[in-house]
Participant: 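Okay, handing you the structure first.
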Amino acid sequence: MRVADLFKIRERGVSFEFFPPKTVLGENGFKQTVNDLKHYNPLYVSVTYGAGGSTQERTVNTLKWIKEKTDLTVMSHLTCIGSTRDGIDNILKDYMANNIDNILALRGDPPKNVTDFDLTKGEFVYAKDLVEFVACYNYFSIAVAVYPEGHFESPSIEKDMEFTKMKIAAGAEFGITQMFFDNRYYYDFMDRAQKIGITVPILPGIMPITDCGKIEEFASFCNATIPQEIKKKMEPFLTRPEEMEKIGIEYAIRQCEDLIRNGVKYLHFYTMNKSGPSSSIIDSISI
Ligand code: FAD
């Protein structure tokens, strides 16, 4: 079912993001995670897509497995830089044939091993171009990525918001935020979005911090600030992962409770293919 239609009939809910597993071990863990999380009756579950199509086959197979083995609504992430219109057309037709009708339309990042990659030379330059392309099929519900702290390449937070508005005007029906750990970034983003006339649902992306070192590296790449409070709390436990996880989950519970108190109705969880942290959080909040 199209996620945009689900918003009309589901007042509240959660969604889960997975990545396509690489190994047999990873696959078994992923399948267990999907089975563990499905009883939360998620609005949808999404599967990431490697930039430049690097995980195309695994992403498609993962989506097909979920569709075959569960009755969950699925959404495919899809990146466009380095792709051709024909290539994207093939993927979209395959999705239509398999009743996969939700797409998170993304630009993606240039390949790390190519230093002189010219973003402007491809058939798609920005996510907006992909949104326009996907919208032409009149079949998919389209989501886009949004950035409470601004995208790292953006000249300013205001420009970033203008570009976000353009993606939505091109046909996106909802947004999902980059992870953030201080809700003020989300509330400020929503204020700016409202002022510029963005009215579609914007789902906050929740990433439970389970390993301070790893998340810090990832968060700096994503332009997401880790609050000093959580760093200080985790510092004494850097060699004790279960303690760090406990602290991260407690923090995310308070973060989600605050979002819900402030009117948020849908939460998107970055699961990292693990069910434990998301389950502990959802069991402790009322969404
Ligand atoms: P865009 O919206 O195209 O923006 C890219 C940059 O260009 C921004 O700085 C923007 O401000 C600027 N810009 C946009 N339009 C214009 C314009 N008209 N003129 C000038 N500048 C402009 N990556 C993956 O590879 N696979 C995934 O599965 C994946 N999933 C993600 C899920 C979520 C929820 C999020 C938040 C991100 C995800 N990403 C994923 C990361 C994403 O691909 C990167 O953040 C990428 O750098 C930008 O993608 P975008 O779709 O936001 O790009």
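Remember, it's 1-based here, ligands and their atoms both numbered in the order they're listed. From a predicted model like this one, the values you see are computed outputs, not experimental measurements.
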Participant: Do T177 and ligand 1 have an N or O pair less than 3.5 Å apart?
Facilitator: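 No, no N or O pair falls under 3.5 Å.
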Participant: Quick check on contacts: which atoms of ligand 1 are under 4.0 angstrom from a heavy atom of G108?
Facilitator: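 Once the distances to G108 are compared, the set is 43 (O), 46 (C), 47 (O), 49 (O).
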Participant: Does ligand 1 come near enough to Y270 that some N or O of the ligand is less than 3.5 Å from an N or O of the residue?
Facilitator: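 Among all N and O atoms of Y270, none is under 3.5 Å from an N or O of ligand 1.
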Participant: Between Y126, Y147, F19, F124, flag the one that comes closest to atom 49 (O) of ligand 1 by a heavy atom.
Facilitator: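 The option holding the nearest heavy atom is Y147.
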Participant: Between F180 and Y185, is the ring centroid distance below 6.0 Å?
Facilitator: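 So the answer is no for these two rings.
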Participant: Counting only nitrogen or oxygen atoms and a 3.5 angstrom limit, does Q178 reach ligand 1?
Facilitator: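 No, no N or O pair falls under 3.5 Å.
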Participant: Output yes when the distance from some N or O of ligand 1 to some N or O of H77 is under 3.5 Å, and no in every other case.
Facilitator: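 N/O-N/O distance below 3.5 Å exists for this pair.
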Participant: Please identify which atoms of ligand 1 are closer than 4.0 Å to at least one heavy atom of T48.
Facilitator: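 So the answer, numbered in order with elements, is 28 (O).
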Participant: Please work out which of the three classes, parallel, tilted or perpendicular, describes the rings of Y126 and F163, given edges at 30° and 60°.
Facilitator: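 If you compare the ring of F163 with that of Y126, the planes turn out parallel.
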Participant: Is R254 salt-bridged to D258, going by a charged N under 4.0 Å from an acidic O?
Facilitator: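 So R254 does not pair with D258 through a salt bridge.
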Participant: Among protein heavy atoms, which sits nearest to atom 35 (C) of ligand 1, and what does the distance come to when rounded to 0.1 Å?
Facilitator: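 Answer, as residue, atom name and distance: A145 CB, 3.6 Å.
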Participant: Closer than 4.0 angstrom, basic N to acidic O: yes or no for E162 and K159?
Facilitator: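 Looking at E162 and K159, the cut-off is met.
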Participant: With sequence neighbours left out, what residues match F7 under ring pair (Phe, Tyr, Trp, His ring centres under 6.0 Å)?
Facilitator: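 F174, Y266.
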Participant: Verify the neighbour count for atom CE of M272: are there more than 12 heavy atoms of other residues, nucleotides or ligands below 6.0 Å?
Facilitator: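 No.
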Participant: Salt bridge between E153 and R107, side-chain N to carboxylate O under 4.0 Å?
Facilitator: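 Salt bridge present between E153 and R107.
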Participant: Using atom types as modelled and distance alone, determine if a side-chain donor or acceptor of S154 lies under 3.5 Å from a backbone N or O of G150.
Facilitator: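 Answer holds: no.
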Participant: Describe, in one word, how the ring planes of H151 and Y147 are oriented to each other, choosing from parallel (under 30°), tilted (30 to 60°) and perpendicular (over 60°).
Facilitator: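 Taking Y147 first and then H151, their aromatic rings stand perpendicular (interplane angle over 60°).
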Participant: Could you check atom 5 (C) of ligand 1 against the protein and tell me its nearest heavy-atom contact, residue, atom and distance included?
Facilitator: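 Of every protein heavy atom, R107 NH1, 3.5 Å lies nearest to atom 5 (C) of ligand 1.
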Participant: Does any N or O of ligand 1 fall below 3.5 Å from an N or O anywhere on K167, backbone included?
Facilitator: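 Looking only at distances, the answer is yes, because the N/O contact criterion of under 3.5 Å is met.
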Participant: Should E27 and K31 count as an ion pair when the cut-off is N to O under 4.0 Å?
Facilitator: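 K31 and E27: salt-bridged.
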Participant: How far is atom 9 (O) of ligand 1 from its nearest protein heavy atom, and which residue and atom name does that atom have?
Facilitator: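 Answer, as residue, atom name and distance: H151 ND1, 2.7 Å.
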Participant: Just going by heavy-atom distances, which of V146, L119, L106 is nearest to atom 31 (C) of ligand 1?
Facilitator: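 Closest candidate by heavy-atom distance is L106.
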Participant: Does T55 use its side chain to pair, donor to acceptor, with the backbone of G50 at less than 3.5 Å?
Facilitator: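 At least one qualifying donor-acceptor pair exists.
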Participant: Charged N to carboxylate O under 4.0 angstrom, K233 versus E250?
Facilitator: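 No, this pair does not count.
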Participant: Under the side chain to side chain contact (heavy atoms under 4.5 Å, CB included) criterion, do F189 and I157 qualify, and how do the steps go?
Facilitator: CA-CA 9 Å; F189 176 91; I157 212 144; over 6 Å; no
Participant: In terms of atom number and element, which parts of ligand 1 are under 4.0 angstrom from non-hydrogen atoms of L104?
Facilitator: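 Matching atoms, with element in brackets: 32 (C).
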Participant: Under 4.0 Å from a heavy atom of A51: give me the atoms of ligand 1 that qualify, with their elements.
Facilitator: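 Listed by number with element: 25 (O).
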Participant: If you measure every N or O of G50 against every N or O of ligand 1, does any of those distances drop under 3.5 Å?
Facilitator: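 N/O-N/O distance under 3.5 Å: no.
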Participant: Show the atoms of ligand 1 that are less than 4.0 angstrom away from any heavy atom in D160.
Facilitator: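 So the atoms of ligand 1 that pass are 10 (C), 11 (O).
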Participant: Which ligand 1 atoms does M166 reach within 4.0 Å, using its non-hydrogen atoms?
Facilitator: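 That gives atoms 18 (N) of ligand 1.
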Participant: Could you name the option among I176, D109, V125 that has the heavy atom nearest to atom 46 (C) of ligand 1?
Facilitator: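 Nearest heavy atom to atom 46 (C) of ligand 1 lies in D109.
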Participant: Would Y49 count as being in polar contact with ligand 1, using the rule that some N or O on each side must be under 3.5 angstrom apart?
Facilitator: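 Looking only at distances, the answer is yes, because the N/O contact criterion of under 3.5 Å is met.
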Participant: Write out the residue and atom name of the closest protein heavy atom to atom 13 (N) of ligand 1, then the distance separating them to 0.1 Å.
Facilitator: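 Looking at atom 13 (N) of ligand 1, the protein heavy atom closest to it is F163 CD1, 3.3 Å.
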Participant: List ligand 1 atoms under 4.0 Å from S154, heavy atoms only on the residue side.
Facilitator: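 It comes down to these atoms of ligand 1: 8 (C), 9 (O), 10 (C), 11 (O).
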Participant: Run the numbers for me: atoms of ligand 1, each under 4.0 Å from some heavy atom of T79, listed by number.
Facilitator: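 Answer, ordered by atom number: 24 (C), 25 (O), 26 (N).
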Participant: Between A127 and ligand 1, does any nitrogen or oxygen pair lie at a separation below 3.5 Å?
Facilitator: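 For ligand 1, there is an N or O atom that lies under 3.5 Å from one belonging to A127.
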Participant: Do other residues, nucleotides or ligands put more than 12 heavy atoms under 6.0 Å from the CD1 atom of I9?
Facilitator: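 Enclosed: over 12 neighbouring heavy atoms sit under 6.0 Å from CD1 of I9.
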